[in-house]
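To start, the structure under review is shown below, and the notes come after it.
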Amino acid sequence: MRKLLFATALLTTISAGRADACTNFIITKGASTDGSVMVSYAADSHQLYGALYKYTPVSKPAANIPVYEWDTGRYLGEIPQAEQTYSTVGNMNEHQVIIGETTYGGRAELQDSTGKIDYGSLIYIALQRAKTAREAIDIIVNLANTHGYASSGESFSVADKNEAWIFEMIGKGCQIVNGENVRRGIVWVARRIPDGYICAHANQARITQFPLNDPENCLYAPDVITFAREMGYYDGPDEDFSFADAYAPLDFATLRSCEARVWSFFRTFAAGMDAYTDYAMGYNIDNRMPLWVKPSAKISPKQVFDAMRDHFEGTPMDMTADIGAGGSLCPYRWRPMYFEVDGTEYLNERATATQQTGFWFVAQARNYLPDPVGGILWFGVDDAGTSCLTPIYCGTTKVPECLREGNGHMTEYSETASFWIFNRVAQFAYLRYDYIGAEIRKVIDQWEKEKIVAVLELDEALTSRKVSPKRITRAVTRFSVDTAQELFDKWVELDKYLMVKYIDGNIKKQVANGDFMDNGYGKNIPAAPLQPGYSEKWKRAVAADEAASQKKVISE
């Protein structure tokens, strides 16, 4: 493996949760080519099944709703149902409100073992109740303060069709008096991202100092600073207080495995980010990146899709460039992220695109279109590097069968589930990534570019003339369901094609129309296949290893 300066690094500290967790990118409407607010999210967990969640309000709701911890399924209790709720699909609701998250953990002593609502439930309940991003923040704060927060430190992306926020919170721990936790609740801060800028978070708290008297652009808990003083986390003046430094101090691991993903995203779109390379690599904790940056040019949806497929290509942490990539330039490292050799611990890179993604999305909120049409959830399952996004309008009333909850799960294969067919293709790609991965990316690009055009055409058809709300609902539902099924069918065929072409590490030759070339005798025997072998770096590493082994044998 490479030395400390390159693709592997000396391990200092890393929590188990951060090895699994998620990535969010946020693009304000002034920073996007089409004037949409965009939020991306990869829900990364080795135990999460990729499905599209759907909530539809009922006319006579129950007085209370159960709360189950999203990560584990553990029952936490019941909370009162709201009088008014809204339909949701995935992490977007009918009013184009979007919420994503990444877990940063923070100070372990601030977890509340008595809490009755977890971060996942906060997301989906807030989406059912909020018409704007600000309302969603207020709902999350009130729910956590009322019922007690059952999770660790969390960063949220909260957006609507007009604005986008980064919102960070953490519990207050436990102080039990007469059987009750008198510290129940959270400390938090939320900042509105200036229009024309982009932001991101990836399992590390990112809000440092914040304005104390700007409620239009910054909201925070009244005791966010006093509680830090009480706990001994801070003793300076209010105006210098940093939320991240108090509640989730940086270390090497959080820089290298978390902040590096943010840096790579910023570097893709904004000038001058190479100045923070030493920070991203964990070598200079004082060279802190800004919370948000202004991109050099406006960013398209397709560019955001592809940013979620990043493996640090073209940087000193490029996961295709070191010996860990094997002989086929595979940008994935199997867990655990850290390993030990001769008493020294090393850490593999943690990129945005990762094998353990359950589902991922890029959501668009477009204020220039009616809500049922304006909200688009570009939704995918499994590893973003080998999967496609399919457009789901927020006005849809149905979920495609291939994405439905209950159609398969992590311990049950389903022949009709997108999660499993995308995983089949990905597992095969990892074996010969330099060739199979490149071929899959061509299919991805063609699909996504075609569907971006198809979405624009449907937008135009539904808004250029008077169309009844019922017809709009029927049209966006049919399009969302049919397109997702079309993608599923496409991947079933891709799976078969790749197996035939790349079986046993060979590559079958093809003629101009794509048919496989035969050996000239018409008996379905293919022409002699290509056998490209391994990368030059891998061959040299194997040769060096063999030379070292022979030298050892001779010396003995």
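For reference, positions follow the sequence shown, starting with 1. These numbers come from the heavy atoms of this one structure, side chains and all, not from hydrogens, waters or symmetry mates.
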Among Thr352, Thr102, Asn203, which one satisfies side chain to side chain donor-acceptor pair (under 3.5 Å) with Arg261?
-> Asn203
Taking the six-membered ring for Trp, are [X] and [Y] closer than 6.0 Å centroid to centroid?
X	Y	value
His311	Tyr332	yes
Tyr41	Trp360	no
Phe361	Trp378	no

Verdict with reasoning, Tyr53 to Thr88, per side chain to side chain contact (heavy atoms under 4.5 Å, CB included) = CA-CA 8 Å; Tyr53 310 148; Thr88 71; over 6 Å; no
Please say whether the positively charged group of Lys449, taken as NZ for Lys or CZ for Arg, lies over the ring of Trp447, i.e. under 6.0 angstrom from the six-membered ring centre and within 45 degrees of the axis.
-> no
Crowding at [atom1], [X] (>12 non-hydrogen neighbours, <6.0 Å):
X	atom1	result
Tyr197	OH	no
Glu83	CD	no
Asn213	CG	no
Lys298	NZ	no
Lys294	NZ	yes
Lys131	NZ	no

Within the distance-only criterion (no hydrogens, no angle test), does the side chain of Arg206 pair as donor or acceptor with the backbone N or O of Leu291 below 3.5 angstrom?
-> yes
Worked check of side chain to side chain contact (heavy atoms under 4.5 Å, CB included) between Arg184 and Asn145 = CA-CA 6 Å; Arg184 182 174 60 192; Asn145 283 334; over 6 Å; no
Strictly by modelled atom types, are Tyr104 and Glu168 linked by a side-chain donor-acceptor pair under 3.5 Å?
-> no
Check: Glu101/Asn91 side-chain N/O donor and acceptor closer than 3.5 Å | no
Given the rule in the ring pair (Phe, Tyr, Trp, His ring centres under 6.0 Å) test, do Phe243 and Phe210 qualify, once you have shown the distances and angles that lead to the verdict?
-> CA-CA 8 Å; Phe243 180 90; Phe210 54 90; 7.5 Å; no
Is it true that Asp445 and Lys442 make a salt bridge, defined as a side-chain N closer than 4.0 Å to a carboxylate O?
-> no
Output, in order, the C-alpha distance, side-chain angles, deciding distance and verdict of side chain to side chain contact (heavy atoms under 4.5 Å, CB included) for Glu450 and Val453.
-> CA-CA 5 Å; Glu450 287 177 356; Val453 172; 5.9 Å; no
Closest non-hydrogen atoms of Thr28 and Ala164, given as atom of the first, atom of the second and distance, are CG2-CB, 4.5 Å
Start with the C-alpha distance between Ile198 and Ile26, add both sets of side-chain angles, then the distance that settles side chain to side chain contact (heavy atoms under 4.5 Å, CB included), and finish with yes or no.
-> CA-CA 6 Å; Ile198 60 176; Ile26 312 169; over 6 Å; no
So how far is it from Ile117 CD1 to Glu78 CD, rounded to the nearest 0.5 Å?
-> 12.5 Å
